[in-house]
Amino acid sequence: MCKEKGNSVHKSQNPAINSFIATMVAKKPKIVIIGAGMAGLTAANKLYTATSSKDMFELCVVEGGTRIGGRINTSEFGGDRIEMGATWIHGIGGSPIHKIAQEIHSLHSDQPWECMDGNSDGNNTTTIAEGGYQLHPSIVEPVTKLFKNLMDYCQGKKLTEDGELESSYYYKLAAIAASKVGGGGGGSGSLSVGSFLRQGLDAYFGSVKEQDEVKGYGNWSRNLLEEAIFAMHENTQRTYTSAGDLLSLDYGAESEYRMFPGEEITIAKGYLSIIESLASVLPPGVVQLGKKVTKIKWHGDEEKKSVENGCFSRPVMLHFCDGSMMYADHVIVTVSLGVLKAAISDDVDSGIFFCPPLPPSKVEAISRLGFGVVNKLFMQLSPTTQHDEEQHFPFLQMVFHSPKSEMRNKKIPWWMRRTATLFPIYNNSSVLLSWFAGEEALALESLNDEEILNGTSTTFSSFLSSYQLQKGTSLHKLCNGNVNSDDKSHQNEVKFSKVLKSKWGTDPLFLGSYSYVAVGSSGDDLDTMAEPLPKDNNFQKSATFPLQILFAGEATHRTHYSTTHGAYFSGLREANRLLQHYHCVGIYNN
């Protein structure tokens, strides 16, 4: 509990002294939190609930948008609950998000939601190569196991003593790949995950015995198929990390990233239920919407305390887009790394202007770290494509020709070619989902609905041209490779009635989706992101105002960046930093 000075102050015989004491007691520290997402509302929740009096601080959360949640945005589409942003609880073992979801009974719902249960056992995946060729598991599985083991090796997961002989084989290939890129002893900050993965694929090609060439797959050779399957998994990894190109994803930092154990699940009542629970304890008026900060004026290290009317003034001044201003003792900045990147590039439309500017160490960390774009595209199957409840749309993995290959179907738009999957958001749902990353994700944002409807219909129809949905099963192959048209029951034309896409890349409040450690940066940059301003002065009374600007958000957590629980932990960290500060020195700025 914080120690609040002033509760036991005795009145003086001198009215002037009593007036001064009353003024000082009334001047509670004002904490302003910029952003009502996971980090900001976690910090606000902690600060408000940690003091028994509930009146320790003057607390305010300012949000530039018209809703709370930030990059958490639960919505509806086709009558189903969906997530436009954060989707998963990444491991239920030890996750604070899972704990909250359990406490507020958000893990079960009568309304259909984006639970992705159509492939819960992993056995319903159908992999189809461009041209409509369903691939036999004997072609897909070795490459899939190779990719998984390469990523496990990259992330520092070690083989157990009783590890399967097969995994040992793949780990040997991973060790060869690491040695080829110079990553055997940990990253140096200049090695990429992309180069490591490709070295692993080369090692695989060099180790396999000569195999029979595949037949019945049109112009696909075995080597082309295996490389394209590998690229499909790379494209899925792009959506996991937000790195538009895995060649920009740092190899060394991957082993620092930490995962919670247990299954990955979605939240039945929506991720927003977590946000609403955190915000529910705050009094009305604490969260102010439509308050976009344009400038933060603070006192740098060289500036001295100022005095107004015998009392210390609040050191931080916030300017808002509506022309209003607000003073604070402490500001917790929880805006995205994308907005901070705009700030250091003097993007007056999207960034926040800091005066004085952020110190070089902070600017360099912001600049070096990666911040990518990942978007989701929801598609409602048209009635002509839908089937009865006993018929299942497949969990589809798509294997494309290289974008520059002459063998590619030129009718498929370029922005679809690095989309790895298409699947119903739950078993039997008529709402399908695909993920996009990098340039393709940004391109998606610029397209109108008609362009998206045409492009997706053309792509998926070409993949499913030779297949039908049969009762009681997932997708069953009707033909494979070069067959006569008489053998085909019918041609499937996949049509959608409407689409809904996220647009995180061009939203000025976010300018992207989540952070990653780029080549040239490191976990040290994430630690630098978390450092408050001005830097720690050991609370010396002669120093400038301490802890004027604090930073929270997923891009400030060294081991859980890019996740909602990372944002949650960062919000707790900064709230506790302030609580610890006032536990040590009381509530006055002196």
Side-chain angles (χ1 to χ4, degrees), residues 33-35 37-40 43 64 70-71 189-190 241-245 248-250 252-253 256-257 292-298 300-301 316 318 331-374 438 442 504-536 547-563 566-567 569-571 573-574 577:
I33 300 171
I34 302 176
M38 179 65 80
R71 283 167 276 173
S190 61
T241 63
S242 91
D245 187 342
S248 68
L249 184 64
D250 185 70
E256 282 197 291
Y257 186 82
K292 184 180 179 183
V293 176
T294 57
K295 181 180 179 180
I296 301 176
K297 191 175 188 309
W298 59 290
D301 292 319
V316 186
L318 303 177
V331 173
I332 304 178
V333 176
T334 74
V335 299
S336 75
L337 178 58
V339 171
L340 291 176
K341 282 180 175 290
I344 65 172
S345 66
D346 297 326
D347 184 341
V348 294
D349 293 327
S350 300
I352 296 174
F353 181 66
F354 287 86
C355 180
L358 296 174
S361 60
K362 186 82 72 173
V363 170
E364 290 162 7
I366 292 170
S367 179
R368 282 191 295 257
L369 287 167
F371 194 71
V373 182
V374 175
L442 279 174
W504 297 108
T506 52
D507 189 321
L509 295 177
F510 307 102
L511 299 176
S513 302
Y514 35 92
S515 63
Y516 64 94
V517 180
V519 170
S521 63
S522 70
D524 291 344
D525 286 329
L526 293 162
D527 286 341
T528 299
M529 291 293 299
E531 291 178 356
L533 298 176
K535 289 188 176 182
D536 183 19
L547 303 179
Q548 293 174 47
I549 305 179
L550 304 91
F551 295 86
E554 51 86 12
T556 70
H557 199 289
R558 182 164 188 149
T559 57
H560 292 295
Y561 55 89
S562 81
T563 65
F569 287 141
S570 75
R573 180 192 67 221
E574 298 312 310
R577 194 191 302 270

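- Looking at heavy atoms from C-beta onward, Leu511 lies out of side-chain contact with Lys341 at the 4.5 angstrom threshold.
- Across all their heavy atoms, Ser336 and Leu509 have their closest contact at OG-O, 4.3 Å.
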Practice item. In sequence, state the C-alpha distance, the side-chain angles, and the governing distance for Leu369 and Ser515, and then conclude on side-chain contact (heavy atoms from CB on, under 4.5 Å). Key: CA-CA 7 Å; Leu369 287 167; Ser515 63; 5.8 Å; no
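- Here the closest heavy-atom approach between residue Leu526 and residue Ala555 is recorded as CD2-O, 3.2 Å.
- Trp298 is listed as a side-chain neighbour of Pro356, based on a closest heavy-atom distance under 4.5 Å.
- Nearest heavy atoms, Arg71 versus Tyr514: NH1-CA, 3.9 Å.
- Shown here are the ring pair (Phe, Tyr, Trp, His ring centres under 6.0 Å) partners of Phe569, two or more places apart in sequence or in another chain: His557, His560.
- Taking the centre and axis of the six-membered ring of Phe354, the NZ or CZ atom of Lys297 falls outside the cone set by 45° and 6.0 Å.
- Shown here for Leu249 and Ala243, the closest heavy-atom pair between the two residues is CB-CB, 4.2 Å.
- Separation of the Tyr561 and Tyr257 ring centroids falls under the 6.0 Å cut-off.
- A side-chain donor-acceptor contact under 3.5 Å links Ser513 to the backbone of Val374.
- Residue Ile366 holds its CD1 atom at 12.5 Å from OG of Ser521, rounded to the nearest 0.5 Å.
- For Asp250 (side chain) and Ala253 (main-chain N/O), a donor-acceptor pair under 3.5 Å exists by modelled atom type.
- Rounding to the nearest 0.5 Å places CD1 of Ile549 at 9.0 Å from NZ of Lys362.
- Shown here for Val335 and Ile352, the closest heavy-atom pair between the two residues is CG1-CD1, 4.0 Å.
- Counting only distance, with no hydrogens or angles, the side chain of Ser570 and the backbone of Gly553 share a donor-acceptor pair below 3.5 Å.
- Nearest heavy-atom pair across Tyr516 and Gly372 is CE2-N, 3.8 Å.
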Exercise for review: Using the side-chain contact (heavy atoms from CB on, under 4.5 Å) rule, take Asp525 and Val517 through it: C-alpha gap first, then chi angles, then the decisive distance, then the call.
Suggested key: CA-CA 9 Å; Asp525 286 329; Val517 180; over 6 Å; no
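- Remark: Arg558 engages Glu256 in a salt bridge, criterion side-chain N to carboxylate O under 4.0 Å.
- For Glu554 and Thr563, the side-chain atoms include no donor-acceptor pair closer than 3.5 Å.
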Practice item. Go through the steps for Ile344 and Ser367 under the test side-chain contact (heavy atoms from CB on, under 4.5 Å), then give the verdict. Key: CA-CA 8 Å; Ile344 65 172; Ser367 179; 4.0 Å; yes
Exercise for review: For Leu337 and Met529, run side-chain contact (heavy atoms from CB on, under 4.5 Å): C-alpha distance rounded to whole Å, both residues' side-chain angles, the deciding distance at 0.1 Å, then the answer.
Suggested key: CA-CA 9 Å; Leu337 178 58; Met529 291 293 299; 3.9 Å; yes
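- Rounded to the nearest 0.5 Å, atoms CZ (Phe353) and CD1 (Ile296) are 11.0 Å apart.
- Between the side chains of Arg573 and Thr556, at least one donor-acceptor pair of N or O atoms lies under 3.5 Å.
- Atom CG of residue Leu550 and atom CD1 of residue Ile34 lie 11.0 Å apart, to the nearest 0.5 angstrom.
- Phe551 places a side-chain heavy atom less than 4.5 Å from the side chain of Leu533.
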